[in-house]
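What follows is a short report on a single structure.
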2 protein chains.
Amino acid sequence: MSTARSRTRIQARNRARILEAALDVFSEAGLRGATLDRIASAAGLSKPNLLYYFRSKEEIHRTLINALLDSWLEPLRALNPEGEPVEEILAYVLRKLEMARTMPRESRLFANEILHGAPHVGDIIEGPLKELVDEKAALIARWAEAGRIAQVNGHHLIFSIWATTQHYADFDVQVRGILGSRDDAHFSEAARFLTHLYRRALTPEPC
Amino acid sequence: MSTARSRTRIQARNRARILEAALDVFSEAGLRGATLDRIASAAGLSKPNLLYYFRSKEEIHRTLINALLDSWLEPLRALNPEGEPVEEILAYVLRKLEMARTMPRESRLFANEILHGAPHVGDIIEGPLKELVDEKAALIARWAEAGRIAQVNGHHLIFSIWATTQHYADFDVQVRGILGSRDDAHFSEAARFLTHLYRRALTPEPC
DNA sequence: CGTTTTGCTGACCATTTGGTCAAACTCCTG
DNA sequence: CAGGAGTTTGACCAAATGGTCAGCAAAACG
């Protein structure tokens with residue numbers, strides 16, 4: 001007898017296929033807009049076969065979100081209390097921006113979830129996520145107290161970093177439409193801008 | 001014979017009711033997630049009656065978005081080339097933040113539309129919106145050139161302002177969950193933070 | 001007051017869609 | 001290779017949902 005998870009090679013492969021296809025479809029159409037038929041077809045499986053691996057559409061969605069939450073918050077966890085404050089925060093900004101570039105589907109999946117009231121992650125937000133953010137906001141407050149960065153509100157600083165970086169994934173269509181950008185070239189300009197923005201705002205006492 | 005629009009008092013009243021109800025439902029559930037039944041019930045009308053005033057669900061959605069686009073972009077239009085650059089931009093930031101507080105449903109409606117690939121406003125983005133943003137980005141470039149603000153990319157500055165302000169509407173659930181906020185009190189802290197952020201980043205030559 | 005225009009609704013329809021199930025097929029193992 | 005465990009699917013179902021329509025009700029109007 002083996003573990004419930006990935007009992008056989010076939011199960012591991014097909015579950016992975018389904019989740020990959022579902023990420024595509026959910027991130028584009030949202031939970032309600034996505035259909036089992038589309039996910040099945042994208043995964044190259046039949047609809048009843050999907051439901052052999054997952055009890056329901058919602059279970060696929062739940063599984064995706066839970067699997068992604070960790071990697072999504074990893075950069076914030078990595079904010080190092082021992083490092084040089086401004087450089088630590090800038091590194092965080094650039095890591096988040098890089099994630100927006102390489103993982104836009106994941107960003108949109110979360111955005112859609114939150115936008116619609118976070119019906120499936122409400123308890124995570126008010127639990128582990130709040131704890132993590134509170135901890136890092138406290139760290140930022142200590143840095144500010146010690147005069148190592150400017151006096152800024154840690155929570156709102158984190159919100160602004162999320163907003164500015166994820167914007168390039170969530171509002172990708174708008175950004176590209178306005179810039180007339182076909183490739184990812186605008187991301188390096190975004191990196192330059194955000195570096196300027198946060199370095200200027202965080203460097204203690206400009207004179 | 002009168003105009004096609006608002007022919008009678010009843011039409012004006014009921015169309016307004018429907019749009020108000022639809023804004024509620026669409027902003028919460030998205031285009032796909034919203035149902036005519038829910039909109040009808042929220043408007044206090046029967047479903048067939050809805051379809052007496054609007055040809056289809058999509059027409060209600062289209063009407064809403066078109067009606068809102070203008071007021072949504074008004075603050076950017078108001079960016080005054082004759083004003084004091086840093087104060088003009090800060091005023092823009094605070095106006096957008098205030099709109100996020102007072103018009104969160106409108107913000108979410110747009111966010112949802114863009115997030116799902118802007119199927120209904122694609123031509124607006126690449127047309128009038130692009131023109132407006134290009135114009136204002138050029139203004140910012142001139143200000144930077146003249147040394148009246150720091151050297152920043154106008155397009156990305158505008159994106160960041162959209163992102164940071166609309167974040168408080170679009171990700172409201174997350175913000176409240178993390179801050180434990182029940183009312184709108186956190187908006188004044190957000191205003192303080194954003195003022196600091198952009199004043200620091202834009203003031204020319206810190207020394 | 002009669003008639004025409006406008007407003008409204010119950011009943012109905014077609015399609016979509018999440019989900020079920022019995023039967024068939026494949027694969028592994030003794 | 002036999003047999004059971006694991007995998008796949010065509011056919012099907014019930015509910016939800018966008019939309020229609022004939023006809024009734026209420027204004028508006030002359």
Side-chain angles (χ1 to χ4, degrees), chain A residues 1-65 112-113 116 119-120, chain B residues 1-65 112-113 116 119-120:
Chain A
M1 190 185 294
S2 47
T3 66
R5 208 167 278 261
S6 77
R7 281 168 99 132
T8 70
R9 216 160 298 152
I10 293 179
Q11 279 214 8
R13 171 171 53 87
N14 282 352
R15 286 181 65 99
R17 270 191 193 175
I18 293 170
L19 290 175
E20 165 66 23
L23 179 57
D24 248 34
V25 178
F26 280 135
S27 70
E28 194 214 299
L31 174 55
R32 297 291 301 264
T35 71
L36 284 174
D37 280 308
R38 255 187 86 187
I39 299 172
S41 135
L45 300 172
S46 69
K47 183 168 68 167
N49 206 8
L50 279 199
L51 294 163
Y52 172 74
Y53 290 102
F54 294 90
R55 253 179 249 280
S56 66
K57 185 171 86 163
E58 299 225 342
E59 191 184 298
I60 302 179
H61 192 251
R62 246 196 324 272
T63 305
L64 260 185
I65 288 199
N112 204 68
E113 177 71 12
H116 293 134
H120 301 82
Chain B
M1 189 186 293
S2 47
T3 65
R5 208 166 280 259
S6 74
R7 282 168 97 133
T8 71
R9 219 160 295 152
I10 293 179
Q11 279 213 11
R13 172 171 53 86
N14 283 351
R15 284 180 67 98
R17 270 192 193 174
I18 292 170
L19 291 175
E20 166 65 23
L23 179 56
D24 248 35
V25 178
F26 280 136
S27 70
E28 194 215 297
L31 175 55
R32 297 291 300 263
T35 71
L36 284 175
D37 280 308
R38 255 188 86 187
I39 299 173
S41 136
L45 301 172
S46 69
K47 185 168 68 167
N49 205 8
L50 237 68
L51 294 162
Y52 172 72
Y53 289 103
F54 294 91
R55 254 179 249 282
S56 66
K57 184 170 86 164
E58 300 225 342
E59 191 184 298
I60 302 179
H61 192 252
R62 248 197 321 273
T63 305
L64 260 185
I65 288 200
N112 203 68
E113 177 71 11
H116 293 133
H120 301 82

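Every chain is numbered from 1 and lettered A, B, ... according to where its sequence line falls, protein lines coming before strand lines. On a predicted model such as this, the values are computed, not experimentally measured, just so you know.
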What I'd like to find out is whether the side chain of B:R38 reaches to under 4.5 Å of the side chain of B:S41, using heavy atoms alone.
no
Of all the heavy-atom pairs spanning A:I39 and A:I18, show the shortest one and how long it is.
CG2-O, 4.2 Å
I need the A:F54 CZ to A:L19 CG distance, nearest 0.5 Å.
4.0 Å
A side-chain contact here means heavy atoms from C-beta on lying under 4.5 Å apart; do B:R17 and B:N14 qualify?
yes
With a 6.0 Å cut-off (strictly less than), is the heavy-atom count around CZ of B:R55, excluding the residue itself, greater than 12?
no
For the residue pair B:H116 and A:H116, does the interplanar ring angle fall in the parallel (under 30°), tilted (30 to 60°) or perpendicular (over 60°) class?
parallel
Listed in order of residue number, which residues of residues 40-64 of chain A have a non-hydrogen atom at under 4.0 Å from DNA chain D?
A:S46, A:P48, A:N49, A:Y52, A:Y53
Could you check whether A:R38 gets within reach of a base, just the sugar-phosphate, or nothing at all, counting any heavy atom under 4.0 Å?
nothing
Kindly indicate whether the side chain of A:F26, heavy atoms from C-beta on, has any atom under 4.5 Å from the side chain of A:I60.
yes
Earliest and latest nucleotide of DNA chain C, 5' to 3', sitting under 4.0 Å from a non-hydrogen atom of chain A?
C:dT17 to C:dC21
Give me the atom names and distance for the closest heavy-atom approach of A:K57 to A:L31.
NZ-O, 2.9 Å
B:D37 has an atom CG; how far is it from atom P of D:dT17, in whole Å?
7 Å
Could you say whether B:R32 or B:I10 is positioned toward the 5' end of DNA chain D, judged by the nucleotide with the nearest heavy atom to each?
B:R32
